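Take a look at the structure below.
Values in this document were obtained by computation on a predicted structure and should not be read as measured data. Per chain, numbering begins at 1; letters A, B, ... match sequence-line order.
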Amino acid sequence: MWNGHIWGMKVHNLGVILVLLVIGSGLLWLLARALRGKEVDRRVIFAFIFVSVAAPLLITMTFTFRATPIVEAVFDKIESLPPGSHVLISYDFDPAMAPEVQPMANVLTRHALVRNHKVIFMCLFATGQGQLNVTLRDVIAADFPDKLDGIDYVNLGYKAGNEGVLNVIVSDFKKMFPTDVNTVPFDSIELLDGIKSCKDLDLVISIGGGLPGLKEWILFVGDPGGVPTAGGVAAVVAPQLYPYYPRQLLGLLGGVKGAAEYESHFRERYPQFDDMPTPAIIMMGPQTIAHIVIMSFIVIGNILYFRERRKGRRV
Amino acid sequence: MRREIPLAITIFVGFLLIFSVFFPPVEDLGENFSLFFDIIAVFAFFLGGGNLVRIHGKKLLKRKPDWAFSIVTLVGFFLMLAAGLFKIGNPGDISSNVTAEGSLFAIMYDNIFKPLGATMYALLAFFVASASYRAFRAKNREATILLSAAFVILLGSTPLGALLTSWMPDSLSILEIPNLAVWILSSPNLAGQRAIIIGIGLGVVSMSLRLILGVERSYLGDEGA
Amino acid sequence: MRYRPILLFLLILLCFTTALGQEPTDETEGPPDTVVVDSSLLPAPVTNLQARDTEDDNGHSVTLTWDVSTDDGSGRDDVYMYMIYRSMSPEGPFDSVGVAMKGATEHVNSSSKDRAQPDFMPDHTDYYYQVGAVTVGGLITRSDVAGPVQSYGQFFNMGRIPVFVFVVVFCALVVFFVASARKGADLYVRPLAGIEAVDDAIGRATEMGRPILYVLGLGTAEMVATIASFTILGRVAKRVAEYQTKLIVPCYESIVMAVAQEVVKSAYADAGRPDDYDEDSVFFVTSLQFAYVAAVNGIMLRELPATNVYMGKFFAESLLLAETGSIAGSIQIAGTDEIAQIPFFIVACDYTLIGEELYAASAYLGREPILLGSLKAQDLAKAAVVIIALAGLIATTFGWPGFAEALHVEN
Amino acid sequence: MSRTGIVVFLVVCVLFVVSWVVKAGTGDPEGHYIRDGFLVTFAAFLTLAIMSFMYKDNPYYKFAEHLFVGVSAAYWMCLAFWSTLVGNLVPRISERLSNAFMVPHQPGEYNFFFYIPVILGILLLMRLSPKGGWISRWPLAFIVGTTAGLNFVRYLRSDFINQINSTFLPLAVDWQGFGHFFSNLSLNATGQFVAMFGNCVIFFGVLCGVIYFFFSKEHTGWFGRASRVGIWVLMITFGASFGYTVMGRISLLVGRLTFLLRDWLGIAS
């Protein structure tokens with residue numbers, strides 16, 4: 001990033017101030033219009049959102065995060081399992097959801113591998129395979145070049161059938177996955193020795209946000225098989241999963257905020273990963289600005305509404 | 001006969017699967033039938049694909065409005081189909097993964113599919129904003145409750161929320177906005193979710209029973225009951 | 001106390017000799033150095049090993065229980081897992097059939113039920129089990145042999161009795177109410193604003209001369225929400241046929257498309273206008289969420305439907321559809337059982353059926369005694385929820401855990 | 001096409017070519033730099049084409065939309081073919097076919113059952129013939145019957161019984177005097193009042209919410225009041241979900257803009 005000095009002031013800060021100034025004055029202008037009872041065109045709102053998300057990306061703004069208990073529960077579970085435990089991570093999302101949940105998948109994989117767990121990857125979304133390759137490339141190939149396919153991790157790939165797949169693997173893995181994604185037969189994969197069904201796993205993590213997702217993992221695997229289940233989901237479905245916590249669901253990463261908390265926590269505990277990519281933490285900058293803009297819009301909308309109602313009463 | 005046989009199939013299979021839950025000798029039926037589904041669904045793809053080609057072919061031949069764009073659809077469809085079925089450009093042999101890197105299929109996935117899907121999804125950010133502006137208005141008590149809950153949660157997910165109420169003493173920490181947001185998510189939100197889940201659970205059970213008993217026949221094309 | 005492990009080892013060796021007969025050393029598998037290793041490093045074996053048939057299953061499975069090794073969690077604390085061995089005779093040879101984690105006291109050894117599979121385990125056949133405690137250093141001490149034990153299937157899964165009771169009670173309720181409805185008892189059903197709005201909306205479309213867009217959502221044909229939506233589609237199509245308005249039904253799934261075609265076709269026939277049915281009005285778009293949305297959004301802005309009806313399973317696309325619909329100036333009626341999407345429909349649409357209301361709509365429209373009877377049974381089950389919850393509340397508050405346990409459902 | 005339409009089209013074409021050339025020029029000279037330059041440019045073009053929908057419907061959006069529909073429809077067909085037909089069906093019904101597709105054959109004594117879905121699948125295709133359409137309802141009946149049977153018990157068990165079970169929360173707490181009770185209004189376990197209040201809200205919230213969903217009783221009197229409280233609880237739920245979701249939606253836009261600004265234009269870090 002360009003980071004020079006102008007009039008003794010750091011351009012970085014000047015940029016921040018400039019952005020805030022533009023957005024702030026724009027909102028004031030809208031407020032003034034609202035007080036005069038003028039509605040705003042939809043495209044103006046769109047423009048505001050565009051600016052408030054794009055600007056913080058150009059001028060990086062970051063905040064630090066403290067892990068909430070529900071996120072910490074996942075971290076502590078991975079931390080407390082003895083090395084060599086079998087952890088299954090299922091990629092139940094597509095590229096469209098990726099910006100929100102891929103950081104979770106990456107940091108969870110990194111955590112599981114640094115603890116020397118054996119990681120089993122699979123996907124319930126056909127398009128999850130592409131996302132899985134991202135993790136294999138960005139996390140395993142980049143930071144754990146000594147980890148071997150088939151010994152330290154295995155990629156079982158995608159099977160169609162949504163919860164039908166879960167219904168089968170809860171009692172028999174091989175039936176659904178006769179081979180891994182590279183057509184290595186199930187029985188000759190060293191890592192899967194002694195793994196017959198999901199019941200033999202020490203932890204199941206589903207990363208997703210659609211259907212099938214974490215909820216299906218709980219209903220079809222966690223609950224009937226008694227397997228500890230955790231997950232990371234898009235913010236939109238997170239409130240839906242609270243009913244399962246903590247009885248049926250061990251812990252949960254909800255949206256980018258959950259991911260950012262996990263990244264912060266992980267980096268604190270493992271300083272050797274201090275310079276690892278933290279997409280979720282970076283993403284929280286635009287979040288903050290955009291949230292404020294949206295809240296302002298709610299306020300402005302209501303001012304307009306009350307003005308109109310008063311006018312209506314007077315007539 | 002045209003009506004009775006499908007109904008008989010539904011009734012028979014439905015009861016069989018209910019029993020399979022309680023009687024271990026037939027407990028595997030559920031998983032096997034799930035496998036069957038996928039296989040049937042693959043055959044259905046022919047129906048869908050055929051319909052798509054027919055609709056767009058017709059549009060093209062009759063020169064209906066926007067017919068030129070139907071060419072785009074058809075070319076995209078057949079190109080992707082060929083790339084996938086024949087594994088064009090796939091570095092491996094026939095047993096390799098269809099989405100293997102380097103194949104035409106993967107290239108089209110990464111450069112057409114991915115940007116289009118992700119952008120379409122990203123439009124939601126704009127629509128969330130326009131919906132909050134347009135529809136979050138305190139018209140009545142219900143709307144006001146909805147609006148306030150949303151507002152507190154929004155505030156709670158920004159550092160602003162913490163800033164606004166940081167002056168609160170520790171003993172009143174529940175009233176700090178981030179905590180209040182968590183409380184709303186974990187208490188009243190939980191209650192609402194649970195009420196809906198219980199209702200939906202019962203609704204599904206009841207609808208399933210209606211299907212198994214052959215009263216609900218809309219899926220067979222019978223209107224109404 | 002340094003001699004205790006050695007004594008223990010001798011004791012174990014004694015056990016092995018008794019259990020395994022003539023050649024104890026030959027039976028001990030694993031790395032050969034375990035035999036000649038410093039005996040003081042061997043872990044204590046598990047004790048009290050018992051094997052029995054696994055309950056509530058279809059056989060081919062044996063459950064083992066034991067008390068953990070004294071070197072697991074206490075003592076030297078170097079046991080990190082247990083190996084499970086199985087044999088068809090008490091003398092062996094024993095094969096490894098699974099592992100259990102440190103601290104575990106139970107293992108279910110379930111094998112294939114399929115004769116053609118290599119790990120097939122026949123029922124009603126004697127088996128013998130051993131559990132080996134494994135240290136971090138790879139040393140194994142095996143326990144006494146447990147057995148003989150036979151696996152066999154049960155006819156009924158006792159762990160699911162609470163569910164079974166619910167199933168029976170619920171079925172009985174439905175049958176009872178259906179019978180009483182048939183006898184002519186009047187069953188009240190609360191009006192649903194969303195459903196009542198449908199008729200007005202169709203009238204509006206006719207007046208404006210604009211089409212009606214019906215979206216069945218992303219569900220597959222067997223999903224309850226989609227099935228409920230078919231019923232509502234039937235009703236809408238019938239009205240549309242009567243008013244001679246245009247209907248557009250873009251489908252997300254092939255089977256859903258096939259069914260929707262049948263539904264609309266027979267609705268036109270019922271309305272007495274089979275010839276007006278346009279087979280291109282129900283068509284397949286694509287089975288990818290956002291491609292589907294892109295296409296439907298395009299249809300909305302090009303055809304400008306007077307009314308959009310969204311009924312079925314919806315995911316992230318709910319708001320994309322509903323906001324685009326509002327740009328196009330359409331009246332919008334929605335209904336879904338996908339909890340995460342209800343808020344968006346509530347905010348952006350004119351009428352919304354919340355969760356269960358969508359299913360009830362089909363009973364409401366059908367108005368047949370059996371449908372209404374099932375609705376009544378559903379309500380009674382809800383009343384039961386209220387009562388059980390109150391009872392459970394009292395029980396938990398006064399600390400009687402028995403109540404919640406009675407309702408607990410195993411696997 | 002109008003005059004502005006042509007001008008815009010020409011501008012888009014020029015920008016496309018410029019981007020292609022620049023991207024190819026800055027690409028890895030060892031690799032497929034011409035192809036990669038084109039692909040990145042094309043992806044960016046599609047991204048912008050979809051975004052242009054925010055302004056109004058236009059030919060670029062139409063192009064992206066139609067392309068998306070065609071490509072995605074085929075995508076699913078291919079995946080289903082390879083993963084389900086070749087992956088799950090072929091190994092179970094034919095050794096020769098398994099060898100042809102190079103997938104491990106899975107013999108089993110119950111494999112003949114796998115002809116059932118094949119037959120049902122073929123019956124489904126009977127729709128295409130004008131006379132045999134009615135047979136296509138059989139597989140449908142099979143699918144619906146199976147799901148209804150599975151759902152019937154599953155929902156009763158997981159969504160219904162287990163959810164009620166989790167509602168049993170102790171309303172009372174260990175009484176340690178008034179001072180202690182109110183002293184700590186915090187979210188953690190020491191805040192007794194908060195814990196108890198939360199449990200009360202959950203309990204009565206669920207109760208009133210369930211009452212709102214009563215269909216066969218008129219919502220009047222105390223029943224009506226409870227149902228009204230129920231709808232308020234539902235509104236809080238919906239508001240909370242909405243508010244919470246905003247975060248996810250913004251992230252998606254961040255992801256897309258990152259692509260445009262960093263991967264395509266190369267101006268953000």
(request) List the steps, then state whether side-chain hydrogen bond (donor to acceptor under 3.5 Å, both in side chains) holds for His66(D) with Thr73(B). (result) CA-CA 5 Å; His66(D) 281 80; Thr73(B) 302; 4.5 Å; no
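Taking Val118(D), Thr245(D), Ile236(D), Val103(D) one by one and counting their heavy-atom pairs under 4.5 Å with chain B, the maximum is reached by Ile236(D). Looking only at heavy-atom pairs under 4.5 Å with chain D, the residue among Leu74(B), Ile11(B), Leu123(B) that has the most is Leu123(B). Counting heavy-atom pairs closer than 4.5 Å to chain D, the top-ranked of the candidates Leu79(B), Leu52(B), Ile184(B), Ile196(B) is Ile196(B). The choice from Asp110(B), Ile107(B), Val152(B), Leu7(B) that makes the most heavy-atom pairs within less than 4.5 Å of chain D is Ile107(B). Between chain D and the options Phe36(B), Phe45(B), Phe105(B), heavy-atom pairs under 4.5 Å are most frequent for Phe36(B). Chosen from Phe37(B), Phe78(B), Phe127(B), the residue pairing most often with chain D at heavy-atom distances under 4.5 Å is Phe37(B). Between chain D and the residues Ser208(B), Gly192(B), Ala195(B), the largest count of heavy-atom pairs under 4.5 Å involves Ser208(B).
The ring of Trp183(B) has its center closer than 6.0 angstrom to the ring center of Phe197(D). You'll find the ring centres of Phe142(D) and Phe33(B) inside the 6.0 Å limit. Checked against a 6.0 Å centroid threshold, the rings of Tyr75(D) and Tyr109(B) count as neighbours.
Within 6.0 Å of CZ on Phe12(B) lie no more than 12 heavy atoms contributed by other residues, nucleotides or ligands.
With a 4.5 angstrom heavy-atom cutoff, Phe22(B) touches chain D only via side-chain atoms. Proximity to chain B is limited to the side chain of Phe242(D), based on heavy atoms less than 4.5 angstrom apart. The parts of Val128(B) that come within reach of chain D are both its backbone and its side chain, each placing non-hydrogen atoms under 4.5 angstrom from that chain. Within the 4.5 angstrom heavy-atom criterion, atoms from both the backbone and the side chain of Leu150(D) approach chain B. In this structure, no portion of Arg210(B) lies under 4.5 Å from any heavy atom of chain D. Of the atoms belonging to Leu48(D), not a single heavy atom falls under 4.5 Å from chain B. For chain D, the nearby parts of Met120(B) are the backbone and the side chain; heavy atoms of each come within less than 4.5 Å. Heavy atoms of Trp232(D) lying under 4.5 Å from chain B belong to its backbone as well as its side chain.
The aromatic rings of Phe46(B) and Phe43(B) sit tilted, their planes meeting at an angle between 30° and 60°.
At a cut-off of 3.5 Å, with distance as the only test, a side-chain donor of Tyr121(B) or Arg249(D) sits close to an acceptor on the other residue. Remark: the Asp38(B) side chain and the Thr84(D) side chain contain no N/O donor-acceptor pair separated by less than 3.5 Å.
Note that CZ of Phe42(D) and CG of Asn111(B) are 9.0 Å apart. Values are rounded to the nearest 0.5 Å.
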